[in-house]
Number of protein chains: 2
Amino acid sequence: MRDKFEEYIISQTGMPAASVEHISSLACAKTLKRNELLVRAGEVCRNKIFVVSGLLRNYGVAANGSEHVLQFAPELSWTLDVESYDNGTPAISNIGAVEPSEVLLWAKADFDSMLQEYPLLKHFSQQVISRNIYYNRRRVMTALSASPEEKYEEFVRSFPKLLGRLPLHMIASYLGISLKTLTRLRHAQLLR
Amino acid sequence: MRDKFEEYIISQTGMPAASVEHISSLACAKTLKRNELLVRAGEVCRNKIFVVSGLLRNYGVAANGSEHVLQFAPELSWTLDVESYDNGTPAISNIGAVEPSEVLLWAKADFDSMLQEYPLLKHFSQQVISRNIYYNRRRVMTALSASPEEKYEEFVRSFPKLLGRLPLHMIASYLGISLKTLTRLRHAQLLR
DNA sequence: CAAAAACGTGGTCATTTGACCAATGTTTAC
DNA sequence: GTAAACATTGGTCAAATGACCACGTTTTTG
């Protein structure tokens, strides 16, 4: 499990194996069952989360109980509730497993000191953060301007590998449309 | 004009006046007429933009010509097209003046070297970036989960001072609803 | 392997929303 | 100061959407 992470970091940063093993050694490994929660909204998100295998979702629950997905995090990706992690405030999102998953967790203090120690890691980390900023910006644009069909097509284009792994109601709640609308437009596309 | 910026930076960072004057001296000042464009989608956004007075909007134009506002930037705030600024790629948004405005512009190279030179500026800059990340995250949540009325109420709560300064169609295009829906719900609220 | 839960699809219906058009009042620009 | 452009509100209508319900199938789970 840790070796997959180490391989990933080496390929992404070119860091020496010894440093990567050090980073890896500070992580806490955890196995999640399907639907198990890792972070609960309202609590503080105290860890950086790296998904080694499986699939997590980062989602908020509205007052009326409806769920809204902020992010899907498949294997070899990162997730957390940034605002909570940075400031120790209550998280606005839940983070849970869609599939049985393996994750690595770092406490903020540990991760911060690693960022100090390894400039290559810091550089990479900032890349990840930047990508996330761009992604959210584009997502706001899409949410504002696209029709349900365009949103779905963009999702398929962006995450083709996730299509078969997610129940449709989660895709709908990621796109901000109802399940009904989603099945309708899928049906319409079949007829073309 | 520059003094307003210097005052702002000193109050936000506690930097010494001499450093702030240096920063200020590297900026290019510009006056914008109402509706004048500062950054055009498709071109590269080459500057950090600080709004000294007036009001800018950062917005995308969809294929069908409809406009969608990503951000309003009133006096004493920052704006740019991040992805374009960072990577030199074409901007996805236009940035233009809603009111006659005064802005300060820094070239990326200059701003980067200032970040190196002044740790307090770097720290503050990262705060601004963080706030922006949190803001976009919340915005995605709202866009996904809130009703038009809730979106409007959240806007009023978040930016009470902007209400009277913006035409309603811009607020609608910020909220991702039609002008018609916006006037409808405002009318409904009047009756309560 | 069997029972239970979750999933995808479909139907109906009421409601919301947007597109289009018009009228009036206000602001801008020359 | 005046003409032109813009803003706000309103009406009507068609279309899109979501809520609710049901059914058959697949997937989990014990």
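Model, not experiment: these values are computed from the prediction. The sequence lines fix the lettering, A, B, ..., with proteins before strands; numbering per chain opens at 1.
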- Task: Rounded off to whole Å, could you give me the CD1-to-P distance for the B:Ile177 and C:dG18 pair?
- Result: 7 Å
- Message: Counting the atoms with a prime plus P, OP1 and OP2 as sugar-phosphate, which does B:Arg34 contact under 4.0 Å by heavy atoms, base, sugar-phosphate, or nothing?
- Response: sugar-phosphate
- Message: Are A:Trp106 and A:Ile23 packed together at the side-chain level, in the sense that at least one heavy-atom pair is separated by less than 4.5 angstrom?
- Response: yes
- Message: Using whole Å, what does the distance between atom P of nucleotide D:dA7 and atom CZ of B:Arg186 come to?
- Response: 14 Å
- Note on the structure: Closest of D:dT9, C:dT9, C:dG18 to the B:Thr183 side chain is D:dT9
- Under 3.5 Å donor-acceptor pair, A:Arg184 side-chain atoms to C:dG10 base atoms: no
- Message: Looking at D:dG18, I'd like to know if its phosphate oxygens (OP1 or OP2) sit under 4.0 Å from a side-chain N or O belonging to A:Thr181.
- Response: yes
- Query: Which whole-number value in Å describes the distance from A:Leu179 CG to C:dG8 P?
  - Reply: 8 Å
- Atom-pair distance (CD on B:Glu99; C1' on C:dT28), nearest Å: 14 Å
- Task: Provide, to the nearest angstrom, the distance between the CE atom belonging to A:Met170 and the C1' atom belonging to D:dT27.
- Result: 14 Å
- Item | Closest to the B:Ser178 side chain, choosing from D:dT9, C:dG18, C:dT9 | C:dG18
- Examine B:Arg57 relative to B:Tyr59 and say whether NZ or CZ is less than 6.0 Å from the centre of the six-membered ring and inside a 45° cone about the ring axis. yes
- salt bridge (charged side-chain N to carboxylate O under 4.0 Å, His left out) between B:Glu75 and B:Arg165, worked out: CA-CA 12 Å; B:Glu75 58 283 340; B:Arg165 297 166 67 179; 2.9 Å; yes
- Is the centre of the A:Tyr85 ring less than 6.0 Å from the centre of the A:Trp78 ring? no
- Message: Between B:His169 and D:dA7, is there a contact of a side-chain N or O with OP1 or OP2 at under 4.0 Å?
- Response: yes
- Report yes if a donor N or O on one partner sits less than 3.5 Å from an acceptor N or O on the other, where the partners are the side chain of A:Lys180 and the base of C:dG11; otherwise report no. yes
- Rounded to whole Å, the NZ-P distance (B:Lys33 to C:dC30) equals 8 Å
- Message: Assess whether a salt bridge exists between A:Arg137 and B:Asp81, defined as any Lys/Arg side-chain N lying under 4.0 Å from an Asp/Glu carboxylate O.
- Response: yes
- Query: When you check the side-chain N and O atoms of B:His68 and B:Ser66, is any donor under 3.5 Å from an acceptor?
  - Reply: yes
- Task: Let me know, please, whether B:Asn35 or B:Ser147 comes out on the 5' side of the other along DNA chain C by nearest nucleotide.
- Result: B:Ser147
- Could you tell me whether the phosphate oxygens of D:dT9, OP1 or OP2, come under 4.0 Å of any side-chain nitrogen or oxygen in B:His187? no
- Main-chain N/O of B:Phe124 paired to B:Thr13 side chain as donor or acceptor, under 3.5 Å: no
- Item | Length of the line joining B:Ile171:CD1 and D:dT8:C1', which is rounded to integer Å | 12 Å
- Five-pair end axes of the helix from C:dC1-D:dG30 to C:dC30-D:dG1, angle between them (10°): 70°
- Which nucleotide, D:dA7, C:dC7, D:dT17, lies nearest any side-chain atom of B:Pro167? D:dA7
- Item | B:Tyr174 six-ring centre to B:Arg139 NZ/CZ under 6.0 Å and within 45° of normal | yes
- Message: Rounded to whole Å, how long is the line connecting atom NZ of B:Lys151 with atom C1' of C:dT17?
- Response: 12 Å
